[in-house]
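Note: hydrogens, waters and symmetry copies are ignored here, and every other heavy atom, side chains too, is used.
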Number of protein chains: 2
Amino acid sequence: MKTLRVPEATVTRLSIYSRYLERLDRNGVTTVSSGEIAEGVGVSPAQVRKDLAYFGEFGTRGVGYNVKDLMRYTKKILGLDQDWPLILVGAGNLGYALCTYKGFNSRGFKIVGVFDNDLTKIGKKIAELEVLPMEKMPEVIQEHKARIGIIAVPPRAAQDVADFMVKNGLEAILNFAPVALNLPEGIEIRNVDLSVKLEILTFNLGFKSAQRL
Amino acid sequence: MKTLRVPEATVTRLSIYSRYLERLDRNGVTTVSSGEIAEGVGVSPAQVRKDLAYFGEFGTRGVGYNVKDLMRYTKKILGLDQDWPLILVGAGNLGYALCTYKGFNSRGFKIVGVFDNDLTKIGKKIAELEVLPMEKMPEVIQEHKARIGIIAVPPRAAQDVADFMVKNGLEAILNFAPVALNLPEGIEIRNVDLSVKLEILTFNLGFKSAQRL
DNA sequence: CCTAGCATGTGAATGTTATAACTTAAAAAC
DNA sequence: GTTTTTAAGTTATAACATTCACATGCTAGG
C-alpha cells in the first residue's frame, strides 16, 4: 500500500473546508472554485488544491468543484460519514458548555455519557444526560461502542482520567486540561488549550508596541 | 533594529514551557534542564533550547536553567508581566465557562465585561459580572483600557461582533466561533475551534482502521 | 469541429521548521 | 591546577510545508 503521509495542517484545513462547504450548500451554492474556498476560509487557492490532491481528484478543470460532492468527500475523509459517540469527563462549566455545543452535533458528534467524581455533581442533568460516577464509564462505553473521550477536568486530575479512559478501551482523547498527558503508544491525543492562543495575542501585542519605539 | 521573526509554533511552545515552569516552581524545584522541560511537555530537548535561543541566553552551561528566573523571563516575553483585561461577547454556556475558567486568571487574564444582545441574558450575573448590552462596550473598554476581545457567539453573529469590537478600539480577538473572520490589517486574530481537533482524531481513527485491512 | 477561456492538478522551487551534531562554558572531582 | 562531566548555545543538515508556474483537460461559443 502506498502510504502517503498527510500533514496534520492539511487535515486541519480539510475540516475547515468541509464546514465551509456545508455552509455554501445550505445557501444553495452548487459549484465553487479553489479560489472561492480560499477566500472563504483565509488561505491560498494553491493550498486548497494541494490539500485536496492528497486524497484524489474531486474537481472539474475549467469549472471547479461540485459543492455537495466535495462536502461529502471531505466528510468521508474525515470519518464523518458516521456518527461518533463521545465520553465526557468533567461536569464543570466547561463540560456543560461542551455538552450543549452545537458545533459538535452538527458534525455528527454526540456526547453519550458525562462523568465526574464530584458527589455534588453526580445525578444532576446536563442537556438530558445524567452525570454519572466514573465507575459507570465501562458500561456506557460498551453500550455505545464509544472510542473517543473528552477531558474537561482540572489539570491535576487529567492524567488519572486519561489512564482510566485508556484502561476502559477508549482509543482517542481530546484534552482540555492544560497539561501534557502521558499515554501509551497508539492512543491518539490532541490538546485544546484555551489560554495558549490568548498568550500568542499578548505576545504579538507586546511585539507590536516594541516595533513602534 | 534586528527583526528576527519568531515562528508561531515557538510562541505556542513558550506558553506551554512557561506554565510548566510555574508548576515546577510551585513544587519547589529550583533548577531544570532542557531535557527535563522537554520530557515534561512532550517535545525534544533541542527544540526547547532552540526556542529559548530566539530570545536570549537564559541558562548556565553544565547546569541548566534557574526555574524562577526562566519562568519570569518566559512570562515577560509573552507579555504576562502585566494583567490583561478582556472583553467577552456571548453569555451562553461557552461564555459562562470562559468567565469561570481558572486557567485565565492564573495567567493574568481578567474578564472585565460580558456582553450579549439577548434580552433574556442581559442583567444576569456571571461570576460577579453583570451581562451588559452591546452598547455599553465602549465605556467598559475605555474604563479598563482593554485591548483584547473574546467572541463566544454563534457563527452567524461572529463577524458583526468582530466589526463592533474593532470599531471600538480592540486590537486583538480570540474567536471561538467556527468561521473565518474578515478584519482590517493590523488586528490580531486567532481562532479556537473546538471541533477541528476532534475531526483530526476521527480522521486518524479512520486511517488506523484502514491500515489494519 | 475547432478555438478560446478557465480552473484544476502537479512537479519543481522556494521557504520554513525541526532535528542532529558540534562547540563552548561551567562545575565538580581528582 | 588539571581533567572530566554536564548541559547550554550554535551551526549545519534534513525534513517538511507552501508557493509558484505550467501543462492538462473540460466547457462553451462560434
Side-chain angles (χ1 to χ4, degrees), chain A residues 2-17 20-21 24 29-71 73-74 77 180 196 200 203, chain B residues 2-17 20-21 24 29-74 77 180 196 200 203-204:
Chain A
K2 175 142 139 269
T3 306
L4 80 171
R5 208 183 119 318
V6 180
E8 180 144 328
T10 290
V11 181
T12 299
R13 286 188 296 262
L14 201 69
S15 165
I16 293 168
Y17 303 156
Y20 181 66
L21 289 163
L24 290 181
V29 180
T30 57
T31 305
V32 70
S33 71
S34 61
E36 290 167 313
I37 296 174
E39 169 83 28
V41 306
V43 301
S44 74
Q47 185 79 81
V48 173
R49 296 199 298 274
K50 203 57 191 268
D51 284 336
L52 294 175
Y54 279 101
F55 307 101
E57 303 187 7
F58 306 107
T60 309
R61 299 181 186 205
V63 179
Y65 304 91
N66 178 287
V67 172
K68 246 188 223 313
D69 287 349
L70 188 57
M71 180 187 78
Y73 282 128
T74 52
I77 292 163
V196 161
I200 292 173
F203 172 82
Chain B
K2 178 149 131 256
T3 306
L4 79 170
R5 208 183 122 311
V6 180
E8 181 145 327
T10 290
V11 181
T12 299
R13 286 187 296 264
L14 201 70
S15 165
I16 293 168
Y17 302 157
Y20 181 65
L21 288 163
L24 290 180
V29 180
T30 57
T31 305
V32 69
S33 70
S34 61
E36 290 167 313
I37 297 174
E39 168 85 28
V41 305
V43 301
S44 74
Q47 184 79 79
V48 173
R49 295 199 298 274
K50 194 81 189 287
D51 285 335
L52 294 174
Y54 279 101
F55 306 101
E57 303 188 7
F58 306 107
T60 308
R61 300 181 187 205
V63 179
Y65 303 91
N66 178 287
V67 171
K68 248 189 218 316
D69 288 348
L70 188 56
M71 179 187 78
R72 282 204 203 95
Y73 282 129
T74 53
I77 292 163
V196 161
I200 292 174
F203 172 83
N204 286 338

Exercise for the section: Write down the distance between CD (B:E8) and C1' (C:dG15), rounded to a whole number of angstrom. Expected result: 17 Å
Problem - Integer-rounded Å distance: C:dA27 P and B:N66 CG - result: 13 Å
Please tabulate, for the side chains in residues 31-41 of chain B, all donor-acceptor contacts under 3.5 angstrom to protein atoms that are two or more places apart in sequence or on a different chain.
unit_1, atom_1, unit_2, atom_2, d
B:S33, OG, B:G35, N, 3.4
B:S33, OG, B:E36, N, 3.2
B:S33, OG, B:E36, OE1, 3.3
B:S34, OG, B:R49, NH1, 3.1
B:E36, OE1, B:S33, N, 2.8

Practice task
Quickly work out the A:D51 CG to D:dC16 C1' distance and round it to whole Å.
Solution key: 14 Å
Handout entry: Spacing between B:Y65 atom OH and D:dA7 atom P, to the nearest angstrom
Key = 12 Å
Practice task
Look at the side chain of A:R49 and the base of C:dG9, then say whether one donor and one acceptor between them are separated by less than 3.5 Å.
Solution key: yes
Practice task
Could you check if a side-chain atom of A:D69 sits within less than 4.5 angstrom of a side-chain atom of A:F58, using non-hydrogen atoms only?
Solution key: no
Practice task
Please state whether the base of D:dT10 and the side chain of B:K50 form at least one donor-acceptor pair under 3.5 Å?
Solution key: no
Practice task
Give the rounded distance in Å between these two atoms: CG of A:L52 and P of D:dT18.
Solution key: 14 Å
Completion exercise
Of the listed C:dT17, C:dT10, D:dG9, the closest approach to the B:E57 side chain comes from D:dG9
Handout entry: Nearest-nucleotide 5' precedence on DNA chain D, A:G62 against A:Q47
Key = A:Q47
Practice task
Specify the separation, in whole Å, of atom CG of B:L70 and atom C1' of D:dA7.
Solution key: 14 Å
Practice task
With the side chain counted from C-beta on, respond yes when B:L14 and B:Y54 share a heavy-atom pair under 4.5 Å apart, and no when they do not.
Solution key: no
Exercise for the section: Identify, between B:P7 and A:S34, the residue whose nearest nucleotide on DNA chain C lies closer to the 5' end. Expected result: A:S34
Practice task
Grab the CZ-P distance between A:F58 and C:dT10 for me, whole Å please.
Solution key: 11 Å
Practice task
Using a cut-off of 6.0 Å, state whether more than 12 heavy atoms not belonging to B:Y73 lie near its atom OH.
Solution key: no
Fill in the blank from the handout: Testing C:dA26, D:dT18, D:dA8 for proximity to the side chain of A:R13, the answer is D:dT18
Handout entry: Beyond-backbone contact of A:L70 with A:L52, side-chain heavy atoms, under 4.5 angstrom
Key = yes
Handout entry: Which residue lies more 5' along DNA chain D, comparing A:S44 with B:V32 via nearest heavy atoms
Key = B:V32
Problem - From C:dT10, C:dT8, D:dT10, nucleotide with atom closest to A:R61 side chain - result: C:dT8
